[in-house]
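Order of listing sets the numbers, starting from 1, for every ligand and every atom in it. One is the number of the first residue; the rest follow in order along the sequence.
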Amino acid sequence: MAEHWANFDLHLDVNLEGARLGRSLEDALRAAIRDGRLPPGTRLPASRALAADLGIARNTVADAFGQLVAEGWLSARTGAGTWVTGSPGAPDAPDAAVRAAESGGGTGSAPHTAPGPRRGLGYNLRPGVPDLSAFPRREWLAATRRALASSPDHLLAYPDPRGVPPLRQALAGYLARTRGVSTDPERIVVCSGFVHGLALLAQVLGARGARAVAVESHGLPEHRAVLSRVGLRLAPMRADAQGAVPGGAPLGEAGAALLTPAHQFPLGMTLAPARRRMFAEWAAGTGAMLIEDDYDGEFRYDRHPVGAMQALAPDHVVYGGTASKALAPGLRLGWLAVPGRLLEEVVTAAVLTGGGPDAVNQLALAELITSGGYDRQIRHARLAYRGRRDRLVAALSQAAPLARVTGIAAGLHAVVELPPGRRETDAIASAERHGVAVLGLGEFDAGAGAGQRPPALVVGYATPPPHAYTTAIARLAAALAEE
Ligand SMILES: Cc1ncc(COP(=O)(O)O)c(C=O)c1O
């Protein structure tokens, strides 16, 4: 039976009908302390107040408190009250949670979230997370302040499932200007990161009766999981130096293809123009959906970024982008530019999953984009990451010349092929001995034999804060130099 405290609300399962009322109250309090609803330090209501609230005798409450004091769950001082001390003998909760996450995370069962390195591994060179120390806190605060000061109240109501209009407006302009995307604000759908956008598309595909999705030979395991979770079969495509190879069995029965055209994740090549056209023609000819994951398209260092594939076939390509690389993945801000013919279905999926990110952050991002702050941030980050990539290449060529950095100069990660004879597991273990967390290319292999590649590490060079970067890559180079 649910009851509430006199001076703060707390759900307590006390069986007020049972004969053993005191025992039931003790159990309910232990449960509330154990699962964190009553954290250590919480002051409990006076026994008189709690008794009145529960409609039971004050002595029953006082006895239950006394029992829990004796067991070490509570402590009490006459005249001062009764406090929660914690679960006797249990580790404190936050630490236990961290340990569970770390042991489960291992070398990154969810590389997308680039969990922190295990204890003792001070240098995180897993791919996925930008330099969070470079997050433009002041600019974000200022943008939030301006957005809140200037937005009408109605923007704080239930938002349009596509996202707040100022952000859709800002994104349509930004994407056209920087990535050549052909869209308009009506066809932008703001989502909680690209992965949420992909989940919406997976639902649309499922509802349309698609059976399979062609995926690249390598990619994020969790993107594949999003697709297979709704019953879509994954059909991995081979890749060569020109990117994913269209045609053949994988495309044969696929209702969609998921691609990273600007910078294949994680292999690092660009999808060649002829290949882009072939995919676009396939989609136009079969009615299939092309999903363009443009996760790091702004970060190209050797030349001007290649524009989005979407411009080739705006009626067939769903373009997806994210603020996870330019700002921070914790914001959970991403976007889709959706072909008109799919819009209603995508919006329905968005409504059914409860909508996208909160309106205030959407308004802040709109403000950051329109004020030029987002471009500035990207220009800074581009310069910094370009320098980091150059330093990685230099450190490896000096200390471990048999390791080879492959892929175009772009993005926030590089593929480092191992010296001949080294296995990925050995190189990862050796990096760990040097205090460095990295992932092997095998983590990203979509299977089905499409991804035969030389053993390699996927090195995310953006994550360490600037002061730790030199040591991080020196240690990695030392690990790769070992026999
Ligand atoms: C291939 C790829 N796509 C997309 C993303 C961005 O995902 P999200 O926007 O869900 O953070 C990442 C980030 O790690 C990525 O590696």
Engineer: Give the atoms of ligand 1, by number and element, whose distance to some non-hydrogen atom of Asp293 is under 4.0 Å.
Structural biologist: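 What qualifies from ligand 1 is 1 (C), 2 (C), 3 (N), 4 (C).
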Engineer: Is Val195 touching ligand 1 with its side chain, its backbone, both, or neither, if touching means heavy atoms under 4.0 Å apart?
Structural biologist: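 Val195 to ligand 1: contacts from backbone and side chain alike.
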Engineer: When you compare ligand 1 with Pro329, is there at least one nitrogen or oxygen pair between them that comes in under 3.5 angstrom?
Structural biologist: no
Engineer: With respect to Phe194, determine whether any N or O atom, backbone or side chain, lies less than 3.5 Å from an N or O atom of ligand 1.
Structural biologist: yes
Engineer: Please check if the side chain of Arg341 supplies one atom and the backbone of Asp315 the other of a donor-acceptor pair under 3.5 Å.
Structural biologist: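 Yes.
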Engineer: Pull out every atom of ligand 1 sitting under 4.0 Å from any heavy atom of Ser324, numbered as shown with elements.
Structural biologist: 8 (P), 9 (O), 11 (O)
Engineer: Which option, His196, Lys325, His223, owns the non-hydrogen atom nearest atom 14 (O) of ligand 1?
Structural biologist: Lys325
Engineer: Should you measure from each heavy atom of Arg332, which atoms of ligand 1 turn up under 4.0 Å away?
Structural biologist: 8 (P), 10 (O), 11 (O)
Engineer: Any nitrogen or oxygen of Tyr295 lying under 3.5 Å from a nitrogen or oxygen in ligand 1? Just yes or no.
Structural biologist: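 No; every N/O pair is 3.5 Å or more apart.
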Engineer: Leu343 vs Val189, test: side chain to side chain contact (heavy atoms under 4.5 Å, CB included). Steps then yes/no.
Structural biologist: CA-CA 9 Å; Leu343 187 61; Val189 176; 4.1 Å; yes
Engineer: Can a side-chain donor-acceptor contact be found between Arg391 and Thr470 if the only test is distance below 3.5 angstrom?
Structural biologist: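 The answer is yes; a qualifying pair exists.
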Engineer: Kindly indicate, with the supporting measurements, whether the criterion side chain to side chain contact (heavy atoms under 4.5 Å, CB included) is fulfilled by Phe444 and Leu267.
Structural biologist: CA-CA 9 Å; Phe444 303 92; Leu267 297 173; over 6 Å; no
Engineer: Which atom pair, heavy atoms only, marks the closest approach of Gly163 to Arg168?
Structural biologist: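 Reported closest heavy-atom pair: O-NE, 3.0 Å.
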Engineer: For ligand 1, is there an N or O atom under 3.5 Å from any N or O atom of Thr260?
Structural biologist: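 N/O-N/O distance below 3.5 Å does not exist for this pair.
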Engineer: Taking the side chain from Arg332 and the backbone from Pro357, do they hold a donor-acceptor pair closer than 3.5 Å?
Structural biologist: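 The answer is no, because no donor-acceptor pair under 3.5 Å joins these two groups.
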Engineer: Side-chain donor-acceptor pair under 3.5 Å between Glu216 and Gln264, yes or no?
Structural biologist: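 A donor-acceptor contact under 3.5 Å links the two side chains.
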Engineer: Any atoms of ligand 1 less than 4.0 Å from a non-hydrogen atom of Phe265? List them with their elements.
Structural biologist: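 The list of qualifying atoms is 1 (C), 16 (O).
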